[in-house]
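Report on the structure given below.
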Amino acid sequence: MIKIMKYGQVPNSEIFARVTPTVDVAGIVADILQDVRKNGDKAVLAYCAKFDKAELDTLEVSKAEIEEALTLVEPEFLEILKEAAANIRAFHSRQVRNSFVMADKPGIVLGQKVTPIEKVGVYVPGGTAAYPSTVLMDTIPAKIAGCPQLVMVTPPGKDGKVNPAILAAASIAGVDKIFKVGGAQAIAALAYGTESIPKVDKIVGPGNAFVAEAKKQVFGMVSIDMIAGPSEILVIADGKSDPVHVAADLLSQAEHDKLASAVLVTDSEELAEAVSQELERQLPKLPREEIARASIENNGKIIVADTLMAGIDIANEIAPEHLELMVDDPFAYLDAVKNAGSIFMGRSCPEALGDYFAGPNHTLPTSGTARFSSPLSVDDFVKKSQFSYYTADALGAVADKIAAFAEKEGLRAHGRSVTIRKEGLD
């Protein structure tokens, strides 16, 4: 059963304990990266055969395969994908940043120009489940940013084909190229380039421990979005909350992974007990019961706090990926939330709404990194350059001040590069 803790009566080390995966794959990943860097497509195809059991002749998904996938996906689901895509576009379109120019001083023009990243690689997990939602969430912001080339990689099945729902989502989102490769080898191919797969400037998207480690190792050669850890949910609920709903929301994340973390913070001991019992009633009904039960029993917890505001303080310390405010007036607490990836407001806003349909992104900071990082957004797919223009007279007016600054730092040549121009004016 899930652990119930009374805040203030158990050590904070237990309250704020985090899941710490212990799998060390750094050496394996380093070897894969080096192999792909050296041998290109040949290495990638060999890893596809080894890990995915797929014997491929070519890595790129053809237009014919995409067209076939669109006929294999139920028309009703295609419409759901299109509506979800529209919601995601509408939300992320508000994030677009504009270049700006400042010309309020005589002879001086300053500004910032926003430029889309030229080549972006998107990793979409495969394996035991298909994630068309990840396709939409990770590619639509890049398209809105104006990235000229969007390359997607995703592991094939044993038949050498990509799940039709994945290809349908990619078609709706406007992905430019799709390749049948997953794991660390896919990250290597995007980072270094192969005969078939273009080298990109940034890699985004979640994956398993091998993918996360590969992204970590290639960072610096390319940019990455984040290192995603196990999924997390923290529900803050008052005594009026329905324990059936609370338990269902906790399990919605617990079924992801045995390392997933599901936490309830409440000011009601009665709700704590009721949710604990309800979890035991709902777990046997889940197809992924074994995974969800391991998550709940090993990483789940119910924390009973004296007040809901104390619960907010606990949430800010944990900095969860997903935070639900299951109270009558969630907006009364919103300003007090400082650290959370995505916030779900009220009793009718389960986290799954954000996973698939509402519009805000579901690629979120985990493992407490919401203290300093943000959900994936259009900002992740642009870069900013600043520019300065001074006339000779404008530079001459401040030359002595710049020289004084440079002298203070012991960098006389810096100052000289300015004053020599003023001397030319004089």
Side-chain angles (χ1 to χ4, degrees), residues 25-26 29-30 32-34 36-37 40 44 88 92 95-99 112-125 131 134-154 170 173-179 181-194 196-229 321 341-342 361-387:
V25 298
V29 167
I32 292 172
L33 296 181
Q34 182 61 28
V36 172
R37 188 173 193 173
V44 173
I88 295 165
H92 289 79
Q95 299 174 337
V96 174
R97 291 180 182 267
N98 296 315
S99 301
Q112 177 176 279
K113 68 186 294 285
V114 179
T115 309
I117 293 174
E118 193 148 335
K119 296 178 182 178
V120 173
V122 177
Y123 186 92
V124 177
Y131 298 101
T134 295
V135 178
L136 300 180
M137 293 288 181
D138 289 4
T139 59
I140 289 174
K143 281 291 179 180
I144 291 171
C147 299
Q149 188 170 14
L150 194 54
V151 180
M152 191 178 96
V153 292
T154 190
V175 175
D176 299 301
K177 289 180 176 291
I178 308 169
F179 295 92
V181 54
Q185 60 271 22
I187 303 302
L190 291 172
Y192 305 128
T194 72
S196 300
I197 302 173
K199 180 184 185 301
V200 301
D201 303 307
K202 184 164 188 172
I203 301 172
V204 304
N208 62 17
F210 291 89
V211 171
E213 178 62 31
K215 287 170 69 178
K216 187 186 299 184
Q217 291 192 25
V218 300
F219 176 65
M221 175 166 292
V222 295
S223 178
I224 61 173
D225 53 348
M226 62 187 76
I227 305 296
E321 177 187 17
S342 194
N361 212 283
H362 80 193
T363 300
L364 303 168
T366 61
S367 306
T369 59
R371 292 178 293 108
F372 52 79
S373 56
S374 307
L376 192 74
S377 73
V378 173
D379 283 345
D380 287 288
F381 299 101
V382 298
K383 55 188 178 178
K384 306 171 190 75
S385 302
Q386 54 195 27
F387 59 87

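Since we're looking at a predicted model, the values are computed, not measured.
Around the CZ atom of F387, the shell of radius 6.0 Å holds more than 12 heavy atoms that belong to other residues, nucleotides or ligands. Within a 6.0 Å radius of NZ in K383, no more than 12 heavy atoms belonging to other residues, nucleotides or ligands are found.
Summarising the geometry, atom NZ belonging to K215 is positioned 10.5 Å from atom CG belonging to L190; distances are rounded to the nearest 0.5 Å. Atom CD1 of I187 is separated from atom CD1 of I32 by 11.0 Å, given to the nearest 0.5 angstrom. A distance of 11.5 Å separates OH of Y123 from CD1 of I203, quoted to the nearest 0.5 Å. The structure places CD of Q185 at 10.0 Å from CZ of F210, a figure rounded to the nearest 0.5 Å. One finds the CD1 atom of I88 at 4.5 Å from the CG atom of L136 (value rounded to the nearest 0.5 Å). Atom CD of Q217 sits about 11.0 Å away from atom CD of Q34, to the nearest 0.5 Å.
Listed for the N361 side chain is no donor-acceptor partner under 3.5 Å among the backbone atoms of S377. For the pair T194 (side chain) and A189 (backbone), a donor-acceptor distance under 3.5 Å is absent. With K202 contributing its side chain and D380 its backbone, the two residues share a donor-acceptor pair below 3.5 Å.
Considering only heavy atoms from C-beta on, V218 comes within 4.5 Å of Y192 through its side chain. Counting heavy atoms from C-beta outward, R97 and V378 have side chains that stay 4.5 Å or more apart. Counting heavy atoms from C-beta outward, F179 and P198 have side chains that approach closer than 4.5 Å. Side-chain contact between H362 and T134: present, with at least one pair of heavy atoms (C-beta onward) separated by less than 4.5 Å. The shortest side-chain heavy-atom distance between T154 and Y131 does not fall under the 4.5 Å cut-off.
Nearest heavy atom pair, residue P375 against residue L364, reads CB-CD2, 3.5 Å. Residues V153 and A186 come closest through the heavy atom pair CG2-CB, 3.9 Å. Taking both residues in full, the closest heavy atoms of P116 and C147 are given as CB-N, 3.7 Å, listed atom of the first, atom of the second, then distance. Across G205 and D225, no two heavy atoms sit closer than the pair N-OD2, 3.0 Å. Pairing each heavy atom of P206 with each of D138, the nearest pair is CD-OD2, 3.6 Å. Closest of all the heavy-atom pairs between L376 and V204 is CD1-CG1, 4.3 Å.
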Check step by step if side chain to side chain contact (heavy atoms under 4.5 Å, CB included) holds for D176 and L150. CA-CA 5 Å; D176 299 301; L150 194 54; 3.5 Å; yes
Taking it one step at a time, do M226 and T363 satisfy side chain to side chain contact (heavy atoms under 4.5 Å, CB included)? CA-CA 9 Å; M226 62 187 76; T363 300; 4.1 Å; yes
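With respect to the salt-bridge test (charged N to carboxylate O, under 4.0 angstrom), the residues D379 and K384 do not qualify.
Of the candidates V124, T139, V151, T139 is the only one forming a side chain to side chain contact (heavy atoms under 4.5 Å, CB included) with V175.
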